[in-house]
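Residue numbering restarts at 1 for every chain, and letters A, B, ... go by the order of the sequence lines.
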There are 2 protein chains.
Amino acid sequence: MPTSPSETAPLRRDAQRNLERILDAARDAFAEDGVEAGVDDIARRAGVGVGTLYRRFPTKEALIDAVVDRRADEIAGLVAEAEAEDDPWEGFVLLLGGLLERHARDRGFKALVADRMAATGRPSLRERLRPQLVRILTRAQDAGALRDDITVEDLTVQVWGAGRAVEITGDIAPDYWRRHLAILLDGLRAPRATPLPGPPLTETEGEALTAAWTAACRSGR
Amino acid sequence: MPTSPSETAPLRRDAQRNLERILDAARDAFAEDGVEAGVDDIARRAGVGVGTLYRRFPTKEALIDAVVDRRADEIAGLVAEAEAEDDPWEGFVLLLGGLLERHARDRGFKALVADRMAATGRPSLRERLRPQLVRILTRAQDAGALRDDITVEDLTVQVWGAGRAVEITGDIAPDYWRRHLAILLDGLRAPRATPLPGPPLTETEGEALTAAWTAACRSGR
DNA sequence: CAGCAAGCGGAGGAGGGGTTCCGCTTTCCG
DNA sequence: CGGAAAGCGGAACCCCTCCTCCGCTTGCTG
């Protein structure tokens, strides 16, 4: 747990500085290339050797976790913003838009979204966010704006898919996500919803999916 | 071009048999593991050595191409079926449903879909299919069933995203794609569609996207 | 049946990741 | 200031995958 400041002996000043540099470099590298960015590249960006990197993070995975942890506030902020929005539908749109926009601009974001709900690893983030998500969803449904036959699992899968689509378009048409989202929203709006076939995913299935998705993200794509 | 039968000397009988075995094994391996299935694994499934495989296909990429070529008829058949359907909307739904169902059941299908439109490599398939696609789309629009502000590019991106989502759910909930599709269709239906923001992708952008998508599929996302 | 070209298999090369190791440097504290 | 412990760098290592090479085998043809 190198990120927790108050544990065992404090880091030497140079070590602390290098730790910051590594985290910053990793954030940038992941944003540009996704989690498949190489450790050598990250170390070079940070101006340190790979040995230094591995002194702080026993494995690349641990580095990813640390970067994700650091950025978790970003998602938490977005969700809070969405919940604070007066209009339930607008709040819902704000959330989805925020997610897709980040997907379009930042390739490392996928790992963040995956981790946000991950069943494995650090549950704090996911457990903190999920209730908020449900609230945003049901609030929009109670207001009659969002179709009431979809569940959080449906929404999650939709976001994964849309995120992937928008991620691909991000390099070529950075604003295309708005169009994509508009189509998705038309499918989610209440007024003209067609009954959905088949049962929704159970929460257990949702968790299994999340685990699979996380694994896929971790291994690069 | 090992797949074209009438070229230079005909293959020896054992070689011909091994060629079939390799193609079958590759099809199965890709369906199970996606294009990231290893060549050693494919050779083992086929009951041949990797040397034999490489005698026929200069590179793994060429093998993928050959498998995709062989399966191209599957997509062509689906598209033809969709076009032959009396009701324009039903034809459209048939097409999307067929694509998503295959995505859910067959991990190698993604490569096929990518290649179907690929700007690089074998253009025949893509060029043959695209006009049909446009016809299916415009027919449904002219019938007033499909919203008339979407383009083939929009549709393609939607299918990529939905395919990804459904691919993940395929292992856990093989029929979930129906639910996902239903939501997507509600977003695509004409009645009371909300105007889309921003311009659609140009055809040039569409081609660039396809190339990027193909590259991503080839390298195993 | 004999000769030989085509075909075969699988050990090993090549290259690209992540990870380790160890001799040198820097910081800190008495 | 001086010594010890923490930190540093990056070459080397491991492992995994695609691909090559070459001595042996098999099927075809006269």
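- Residue contacts for Gly51(B): at a heavy-atom cut-off of 4.0 Å it reaches a base atom on one of the strands shown.
- Within the structure, a side-chain polar atom (N or O) of Thr52(A) is placed less than 4.0 Å from OP1 or OP2 of dG9(D).
- Counting to the nearest Å, the P atom of dC16(D) and the CZ atom of Arg44(B) are 13 Å from each other.
- Comparing Asp14(B) and Val48(A) along DNA chain D, the residue whose closest nucleotide (by nearest heavy atom) sits nearer the 5' end is Val48(A).
- Taking the side chain as every heavy atom from C-beta outward, Glu32(A) and Arg107(A) never approach each other to under 4.5 Å.
- The pair Glu153(B)-Arg130(B) counts as a salt bridge, with a side-chain nitrogen and a carboxylate oxygen less than 4.0 angstrom apart.
- The pair Arg27(A)-Asp106(A) does not meet the salt-bridge criterion, since no charged nitrogen lies less than 4.0 angstrom from a carboxylate oxygen.
- For the atom pair OG1 (Thr169(A)) and NE2 (His103(A)), the distance works out to 11.5 Å, reported to the nearest 0.5 Å.
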Please walk me through it: do Glu74(A) and Arg102(A) pass salt bridge (Lys or Arg N to Asp or Glu O under 4.0 Å)?
CA-CA 10 Å; Glu74(A) 198 177 328; Arg102(A) 282 167 181 77; 2.9 Å; yes
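- Of the candidate nucleotides dC8(D), dT27(C), dG9(C), dC8(D) has the atom nearest to the side chain of Arg55(A).
- For the pair Phe57(B) CZ and dC19(D) P, the interatomic distance rounds to 13 Å; values are reported in whole Å.
- Residue Asn18(A) has a polar side-chain atom (N or O) positioned under 4.0 Å from OP1 or OP2 of dC8(D).
- Listed nucleotides: dC18(D), dG7(C), dC8(D). Nearest to the side chain of Tyr54(B): dC18(D).
- If you measure from atom CG of Leu19(B) to atom C1' of dG9(C), you get 17 Å, rounded to the nearest angstrom.
- Neither OP1 nor OP2 of dG18(C) sits under 4.0 Å from any side-chain N or O of Thr59(A).
- Atom CD in Glu36(A) sits roughly 16 Å away from atom P in dG16(C) (whole-Å rounding).
- Distances from the side chain of Arg12(B) to the nucleotides dT20(C), dA5(C), dG9(C) place dA5(C) closest.
- Remark: Arg13(B) is not in phosphate contact with dT26(D), judged by side-chain N or O atoms under 4.0 Å from OP1 or OP2.
- Taking atom CD1 of residue Ile22(B) and atom C1' of nucleotide dG7(C), one finds them 11 Å apart after rounding to whole Å.
- Nucleotides of DNA chain C nearest to Gln16(B) and Ala37(A) differ in position, and the one nearer the 5' end is that of Gln16(B).
- One can place CZ of Arg21(B) at 16 Å from P of dG7(C), the figure rounded to the nearest angstrom.
- Picking from dT26(C), dC8(C), dC19(D) the nucleotide with the shortest atom distance to the side chain of Asp40(B) gives dC19(D).
- If you measure from atom CZ of Arg17(A) to atom C1' of dT27(C), you get 11 Å, rounded to the nearest angstrom.
- Comparing Val50(B) and Ala15(A), the nucleotide of DNA chain D nearest to each residue sits closer to the 5' end for Ala15(A).
- For the pair Asp33(A) CG and dG17(C) P, the computed distance is 11 Å after rounding to whole Å.
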